[in-house]
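Keep in mind it's a predicted model, so treat the numbers as computed, not measured.
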There are 2 protein chains.
Amino acid sequence: MERSNSSDNHPQSTEPLTIENHKVLVATDIALFTIKDGIFQVLLIKRGVPPFLDFWALPGGLIRMDIGERGEEPEEAALRELKEETGLAKDLGYLEQLGTYGSPNRDPREQRVISIAYFGIGPTLEDPEGGSDASHATFVPVEKAISDQLDLAFDHRLILTDAIKRARAKLEYSTIATQFCTQEFTISELRRVYEIIWDTELDPGNFQKKVLSSPGFIMDLGRNADSSQTGGRPAKLYSAGTETLLNSPIRR
Amino acid sequence: MERSNSSDNHPQSTEPLTIENHKVLVATDIALFTIKDGIFQVLLIKRGVPPFLDFWALPGGLIRMDIGERGEEPEEAALRELKEETGLAKDLGYLEQLGTYGSPNRDPREQRVISIAYFGIGPTLEDPEGGSDASHATFVPVEKAISDQLDLAFDHRLILTDAIKRARAKLEYSTIATQFCTQEFTISELRRVYEIIWDTELDPGNFQKKVLSSPGFIMDLGRNADSSQTGGRPAKLYSAGTETLLNSPIRR
DNA sequence: GTAGATTATAGTAATTTATACAATAACAAA
DNA sequence: TTTGTTATTGTATAAATTACTATAATCTAC
């Protein structure tokens, strides 16, 4: 229940607080994943301003109240900041809310800031370049990003860890793997998405049968891929199907 | 990325905004489920103040900044409001974040309010009673709660619909069903949780085997339930196990 | 006490699904 | 044309699921 009168008793405080005192800043952050050079990677920016100057961070920023009648939609703010900070031009293949991170001490500055985090997937993109207030934006292998090698700002290591878990879990019971592929792809390319993100090997024949028996997962384009680079029998080309959830999961 | 200087250009506004202008109110809401009288139910309160006076709503309220050093943890705020509004004394069996609802027009009042929604499960509780600012709190069958019979405040029908989906999905691959049971329960009681929430019938023998072959799902207490009320062979008593996720899902 | 009803639990055969691996197909390059 | 490579199909086995049967342990009615 939400109310604008805060006239009730405040046992741990003697000063009466106005409604204004309960307001907080709301930011968004995106963990945007891709597969580049055969490696599962996440988009990070290098911070150019304090706090956490020169630390790496997920792209994001404050929801602005001067856009639209009553401020931005959170998802809209996340996409705007992503484009401002990374110069990313294309639309994302996938975006969903990951969760909200709101611990009182997650931001060291005076003002309390909570963040609505998003989980996104882009197809292999041109290497983005730093925009407005990011001195650098680049894809980083996820293993490196959560390792000790890299200093991540705020609670972004926690957010990123959660996002990686989400990605690995969603591969199993949803069709999001197709979002890591180009618009036209072969079943082998789709299989390699699973192999890279799960760090495992899958049997090509069994994977083929499983994917083809999942209605709405992929659509046969009736054409073959060019095999002059890869060698071997040319593979059929497919595009992403219409279903978002799999009726029976892909197993590791 | 989060920053406290908002010195960048604002294309859709001429007035420069201070950081204070970007702050918003943050509320929490809980969809708290239980099984009562053999029916899947959710805890609702009847609002006693505008807006949405006399509408039904999920328990919740603003995160307070005058509790703790830098204000409350969101989850802490959700539990505090739940207890204030419904008089609920016991601890919950389960609570997780559902998602954040932040559309600019979700609250009709002047101040923009976003809400972090939670999904919770309580064992069959004594009927709660209205507390501080709730004129009435009661469990309502979920089908009735999302039907046209009931007027729900704000976007609480959307939140509740999402929460019900989450409950139905989580039964399949997690052990949360045990949270709908009393501390000691029989396998039949556990099966009835699935049957009630999924509105389906499950084969008792097959369910038994499935549950017993899922490591960490339930723990045998070595005692039998009293069968004088139910008739038939007395069932073994179990308590919730230590695992939270099932390796192989319970199917409908 | 016994018969019948009721519920729990165990067992079993048929079916379906998954897995491991072999066979064939379609190309490129030598 | 032969060889190498990858894609795709097939197949035998293993495992899991499903539908159903059998047995066990209690209660109630007589």
Practice item. Check the distance between D:dT9's C1' and A:Phe207's CZ and give it to me in whole angstrom. Key: 17 Å
Review point. Taking atom P of C:dA8 as reference, at what distance in whole Å does atom CG of B:Leu237 sit?
Key: 12 Å
Exercise for review: Give a yes or no on whether the ring-centroid distance for B:Phe185 and B:Tyr238 is below 6.0 angstrom.
Suggested key: no
Revision key, fill the gap. Comparing nearest nucleotides in DNA chain D, the 5'-proximal residue of the pair A:Leu212, B:Lys209 is A:Leu212
Review point. Does A:Lys209 pair with A:Asp203 as a salt bridge, N-O distance under 4.0 Å?
Key: no
**Study point:** Electrostatic pair B:Glu84:B:Arg80 at N-O distance under 4.0 angstrom
**Key:** yes
Point to revise | Atom-pair distance (CZ on A:Arg233; C1' on D:dT9), nearest Å | key: 8 Å
Point to revise | Minimum-distance nucleotide (side-chain atoms of A:Ala235 versus C:dC27, D:dT8, D:dT26) | key: D:dT8
Check your understanding: Can you tell which of D:dT26, D:dT8, C:dT7 lies closest to the side chain of B:Thr230?
Key -> C:dT7
**Study point:** A:Lys236 side-chain N/O to D:dT8 phosphate OP1/OP2 under 4.0 Å
**Key:** no
Study note, to complete from the structure: Interatomic distance, CG@A:Asp29 vs CG@A:Leu98, rounded to 0.5 Å, equals 10.0 Å
**Study point:** Those residues of residues 172-206 of chain B lying under 4.0 Å from DNA chain D by at least one heavy atom
**Key:** B:Asp203, B:Asn206
**Study point:** Selected nucleotide, minimal atom distance to A:Lys210 side chain, candidates D:dT8, D:dT26, C:dA18
**Key:** C:dA18
Review point. Side chains of B:Ser248 and B:Lys210: is there a donor and an acceptor less than 3.5 Å apart?
Key: yes
Review point. Between C:dA25 atom P and A:Gln208 atom CD, what is the distance in whole Å?
Key: 16 Å
Review point. Between A:Phe119 and A:Phe33, does the ring centre distance come in under 6.0 Å?
Key: yes
**Study point:** Salt bridge present between A:Lys83 and A:Asp91 (N-O < 4.0 angstrom)
**Key:** yes
Point to revise | Nearest to side-chain heavy atoms of B:Asn224, which nucleotide of D:dT26, C:dA26, C:dC27 | key: D:dT26
**Study point:** d(CG, A:Leu246; P, C:dT17) in whole Å
**Key:** 15 Å
Practice item. With the side chain of B:Pro234 defined as its heavy atoms from C-beta on, choose the nearest nucleotide among C:dC27, D:dA25, D:dT9. Key: D:dA25
